[in-house]
Amino acid sequence: MDIQFMKDYYDLRYEETDGENHFVEEAAYQEKQSEQSKMEDQLMEMVGGSESNVWKLYESIMCVYFDMEEIIKQAVYLQGAYDRERMLK
């Protein structure tokens, strides 16, 4: 399997697919998203609002987390492509 080709395809097709993720319509996803939103609201209130240093640090942590999540998503995608190729042989 040409890993670079699959990475390029992933980047082309799957990065920044806002509005194309059908899982956001799933009830389980919406429930978790609502739960997260409520917890973030509580946290923001506890730390003194969105301009507090603690909140800004939290946002920075979440940005790093989302970057790590993207690396994991790509790795899972590439593993699935590799497994499919092996299965078809």
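Since we're looking at a predicted model, the values are computed, not measured. Values below: every heavy atom of this structure, side chains too, minus hydrogens, waters and symmetry copies.
- Partners of Y58 under the ring-ring contact (aromatic ring centres under 6.0 Å, His included) rule, at least two apart in sequence or in another chain, are W55.
- Using a 4.5 Å heavy-atom threshold, the side chains of K38 and Q42 count as separate.
- No continuous path of ILVMFWY side-chain contacts below 4.5 Å connects L57 to V47, so the two sit in separate hydrophobic clusters.
- Put simply, the side chain of M44 does not reach to within 4.5 Å of the side chain of E40, judged on heavy atoms.
- Atom CE of M39 sits about 9.5 Å away from atom OG of S34, to the nearest 0.5 Å.
- For D8, the side-chain contact (heavy atoms from CB on, under 4.5 Å) partners at least two apart in sequence or on another chain are Q4.
- Expressed to the nearest 0.5 Å, how far CG of L43 lies from CD of Q36 amounts to 11.0 Å.
- By the 4.5 Å side-chain criterion applied to Ile, Leu, Val, Met, Phe, Trp and Tyr, L88 is assigned to a cluster that also includes M87.
- To the nearest 0.5 Å, atom CE of residue M68 and atom CE of residue M62 are 10.0 Å apart.
- Residue pairs meeting the salt bridge (charged side-chain N to carboxylate O under 4.0 Å, His left out) criterion with at least one partner in residues 57-68, sequence neighbours excluded, do not occur; the list is empty.
- In this pair, Y10 and Y77 present their aromatic rings tilted. The plane angle is within the 30 to 60° band.
- Applying the side-chain contact (heavy atoms from CB on, under 4.5 Å) test to Y29 and every residue at least two apart in sequence or in another chain returns F23, V24, E26, Q33.
- The salt bridge (Lys or Arg N to Asp or Glu O under 4.0 Å) test applied to R86 returns D83, not counting sequence neighbours.
- V76 forms part of a hydrophobic cluster together with I72, judged by ILVMFWY side-chain heavy-atom separations under 4.5 Å.
- Counting heavy atoms of neighbouring residues, nucleotides and ligands inside a 6.0 Å radius, atom CG of D41 exceeds 12 of them.
- Screening residues 44-54 for salt bridge (charged side-chain N to carboxylate O under 4.0 Å, His left out) gives E51-K56 as the qualifying pairs, with residues at least two apart or on separate chains.
- Under the salt bridge (Lys or Arg N to Asp or Glu O under 4.0 Å) criterion, E35 pairs with K32, sequence neighbours left out.
- Residues that satisfy the side-chain contact (heavy atoms from CB on, under 4.5 Å) test with Q30, not counting sequence neighbours, are absent from this structure.
- Residues satisfying the side-chain contact (heavy atoms from CB on, under 4.5 Å) test with F5, not counting sequence neighbours, are D2.
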